[in-house]
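Predicted model, so just to flag it, every value in this text is computed and none were measured.
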Amino acid sequence: MNIGQFKSANGQLIGSIATATIDLARLGLRPVESVNERAPAYEIVTLNVARRWVQIGALWELTSNSTGEVFYQGKLDDPSLSEPLQITLFGNNDEGFRVVWNRPQPRRENMDGTRQTRRKANDDGFGTGNATDNGQLADVDDMPAF
């Protein structure tokens, strides 16, 4: 879902984000100068009530495995928000960026705290089942042995 945009104005990336409960009308993307490869590409800043720029988030540069497209991903966070807002920016400095939001998927963990691995759709651990391809109950001779 598109919730905002950033465009270049006088050499700076300025934009806004708006949802049903959030209206951030004046945001800026400030490039991060760092030699650390894990540093974010941009800090997300906004004007506070005293009209000072304050940092409320960061964006990291990523590249799509399937298309090779460069995009930015990060989050906004502030004590006034009920929870951090995960965002992704697509576009470029010349044409601008669109801000996209998706609800994060809950992390699936095993009882011991290790992450669950995805199983193939056909391998649910229960064998082939007792239904034919058209959804009918299989003949007794076709029943799998357990």
### Task
Identify the two heavy atoms, one from F90 and one from E69, that lie closest to each other, and give their separation to 0.1 Å.
CD2-OE2, 3.7 Å
### Message
Looking at every heavy atom in both L62 and Q73, which two are closest together, and how far apart are they?
### Response
CD1-OE1, 3.2 Å
### Intermediate values then yes/no, side chain to side chain contact (heavy atoms under 4.5 Å, CB included), V70 and E61
CA-CA 7 Å; V70 173; E61 183 177 302; 3.5 Å; yes
### Message
Test ring pair (Phe, Tyr, Trp, His ring centres under 6.0 Å) on Y72 and Y42; report intermediate values, then the result.
### Response
CA-CA 9 Å; Y72 298 92; Y42 292 102; 5.3 Å; yes
### Pairwise side-chain contact, R52 with L47, heavy-atom cut-off 4.5 Å (strictly under)
no
### Message
If hydrophobic clusters are built by linking Ile, Leu, Val, Met, Phe, Trp and Tyr wherever their side-chain heavy atoms come under 4.5 Å apart, do V54 and F6 end up in the same one?
### Response
yes
### Task
State whether the number of non-hydrogen atoms from other residues, nucleotides or ligands found under 6.0 Å of N2 atom CG is greater than 12.
yes
### Query
If Ile, Leu, Val, Met, Phe, Trp and Tyr residues are connected whenever their side-chain heavy atoms lie under 4.5 Å apart, and connections chain through other members, are V45 and L59 in the same group?
no
### Query
Mind checking whether F71 and I44 sit in one hydrophobic cluster, side chains of I, L, V, M, F, W, Y counted as touching below 4.5 Å?
no
Can you give the donor-acceptor pairs under 3.5 Å from side chains of residues 23-40 to other protein atoms, not counting sequence neighbours?
residue	atom	partner	partner atom	Å
R30	NE	E43	OE1	3.0
R30	NH2	E43	OE1	3.0
S34	OG	N36	N	3.0
N36	OD1	R38	N	2.8

Show me the donor-acceptor pairs, under 3.5 Å and distance only, between side chains in residues 74-82 and residues at least two apart or in other chains.
residue	atom	partner	partner atom	Å
D78	OD2	S80	N	2.9
D78	OD2	S80	OG	2.5

Tabulate below the donor-acceptor pairs under 3.5 Å that side-chain atoms of residues 11-19 make, not counting sequence neighbours, or state none.
residue	atom	partner	partner atom	Å
T19	OG1	T21	N	3.3
T19	OG1	I22	N	3.0

